[in-house]
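None of the values given here were measured: they were computed from a predicted structure. Every number for a ligand or one of its atoms is a count from 1 in the order of the listing.
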Amino acid sequence: MTPASGASRALARVDLGAIADNVRRLQDVAGVPVCAVVKADAYGHGAVPVARAAQAAGAAWLAVSTAREAAQLRAAGLEGRILVMGALAPEEAQVALAAQADVVVWHAALLELPFPHVHVKLDTGMGRFGTRDAAHATALARRLAQEGRLAGLMTHFATADDREDPFFDQQLERFTAWVDGLRPELADDLVVHAANSAATLREPGARFDLVRPGVALYGLDPFGVDPDEHGLRPALELTSWVATVKRCRAGESAGYGRRFVAQRDTVVATVPIGYGDGWRRALTNNGEVLVRGRRVPIAGTVSMDAITLDLGPEGGARVGDEVVLIGTRDGERVDAEEVARRLGTINYEVTCGLLPRVPRRHVEGAA
Ligand SMILES: *Cc1c(COP(=O)(O)O)cnc(C)c1O
C-alpha cells in the first residue's frame, strides 16, 4: 500500500505561490523594497527555491546569516544583493567575499578585507551583534563612506513581536536619532533598514528604506497567533500517511512506556513520522493531526520513526490515508502556531526543526 501523498514516509510540501503572495503582501504593507530573509534553509522551507520565488515576486534583496548560506545561493545561480547578517570568522569572511555578499560590521577588523558593500550595525538594545557605541558606529560609517563602500545602516529589534513592550519604541528612537544625525552627510543611495516581520507589520516608522522579513514570508505569524490576521498564507504543509490500522482493546497500550492505554475499545493508527524527522517527542499525548479532515489525537509516545493516533471506536481511516500534521483540510487547520504553543516554543522553531529526512517538495500552488 502506498501513501496518498506519494511520498515515502513524510513530506513537507512548500507552496512557492504562497511565498510569492507573502512577498507581495509585505511589499504592499511596507511600501518599500523587501529583503527576503532565507537563513537556516529558509526557516526549513528550502533556501534556493524560496529565494528564487521571492526574487521573482519582487524581493529586491536576500539575507542570510552565514557566509556559506550566501555561497550556496550563488552556487545555485542566484544574483542580486545578498546580505550576510551574522558574525564572520576569518575563514567565513573569505567565503562571503567570494560570494560577493554584503556584510555587516561593528568593529574595524573586518574592514581590512576589500568588501565592496558594508552595512554598519548599531546595537540599539538587542544586545547581540552591533556596537552599542553610536560614536563608534558613526566613525565606522564615515570611514566606509570615504572609501566608497558604505552600503547601509542597520539595527535589529528584540521585542517587535510583543506589542505591549515599550522597549521597541526605545530601540526605534535610538536608531532614528543616529540615522537622522548621519544621513545628511551620506550618499543618497544609502540603505537604512531595521524591521523584521513583526516590525514591518506593526510600525510604519520602522520601515525606513528596506524591510527584512523572514518568518512572515513563510506565512507564519510573527506574533505567534494567526497568519490570516495579516493576510499571510502558510507555505508549508507537513503530511504523512496511515501505515497500519489496528484494534486496541480497553487496557491495551501503544508505544514506548505504555503512555497510551486504551480506556475503551478503540482503533489505533500508526504513522511513519517521529522525532527523527523533527516531529518532536514533547508532542507525546500532546497534539492533534488531521485524518480525512477530522482532528485526531496523538496517542502515546512520539518515537524516532513513528507516532500512534487514537482514531476512536469507529476507526474511520484506512491504510494509505493521508495524515496532515501541519496544514488545512476541509476547513480544519493545524498550523505551526498551534504546534509551537503545544511545545512551548515559537512557530519559527517548528519549521526550522524539520530534519533533512523529510523531503521538501516545492510546488506552484494556486492562490
Ligand atoms: C532573522 C532576522 C530577521 C528576520 O526576522 P523575522 O522575525 O523572521 O522576520 C531580520 N533581521 C535580522 C538581523 C535577523 O537575524
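The protein atom (non-hydrogen) at minimum distance from atom 11 (N) of ligand 1 is Arg212 NE, 2.9 Å.
Residue contact check: Tyr43 has heavy atoms under 4.0 Å from atoms 1 (C), 4 (C), 5 (O), 6 (P), 8 (O) of ligand 1. Annotation for ligand 1: atoms under 4.0 Å from non-hydrogen atoms of Asn196 are 5 (O), 6 (P), 7 (O), 9 (O). When each atom of ligand 1 is checked for a heavy atom of Lys39 under 4.0 Å away, the hits are 1 (C), 2 (C), 3 (C), 14 (C), 15 (O).
The same ILVMFWY cluster, assembled from side-chain heavy atoms under 4.5 Å apart, contains both Leu190 and Leu144.
Using a 4.0 Å cut-off between charged side-chain N and carboxylate O, Arg295 and Glu338 make a salt bridge. Salt bridge present: Asp15 and Arg233 bring a charged side-chain N and a carboxylate O closer than 4.0 Å.
Both the sub-6.0 Å distance and the 45° axial angle are not jointly satisfied by Arg202 relative to the ring of Phe223.
Panel note: side chain His362, backbone His45; a donor-acceptor pair is recorded below 3.5 Å. A donor-acceptor pair is defined here as one N or O able to donate and one able to accept, closer than 3.5 Å; such a pair exists between the side chain of Thr66 and the backbone of Glu69. Proximity of a side-chain donor or acceptor of Asp310 to a complementary backbone N or O of Val268 within less than 3.5 Å is not detected.
Inclusion of Tyr348 in the set of residues having an N or O under 3.5 Å from an N or O of ligand 1 is warranted. Checked against a 3.5 angstrom limit, the closest N/O atoms of Val37 and ligand 1 fall outside it.
Contacts between Ser197 and ligand 1, counted as non-hydrogen atom pairs separated by less than 4.0 Å, involve both the backbone and the side chain. Only side-chain heavy atoms of His156 come within less than 4.0 Å of ligand 1; its backbone N, CA, C and O stay farther off.
Using a 4.0 Å cutoff on heavy atoms, Pro213 counts as a contact of ligand 1. Phe129 does not count as a contact of ligand 1, since none of its heavy atoms falls under 4.0 Å from the ligand.
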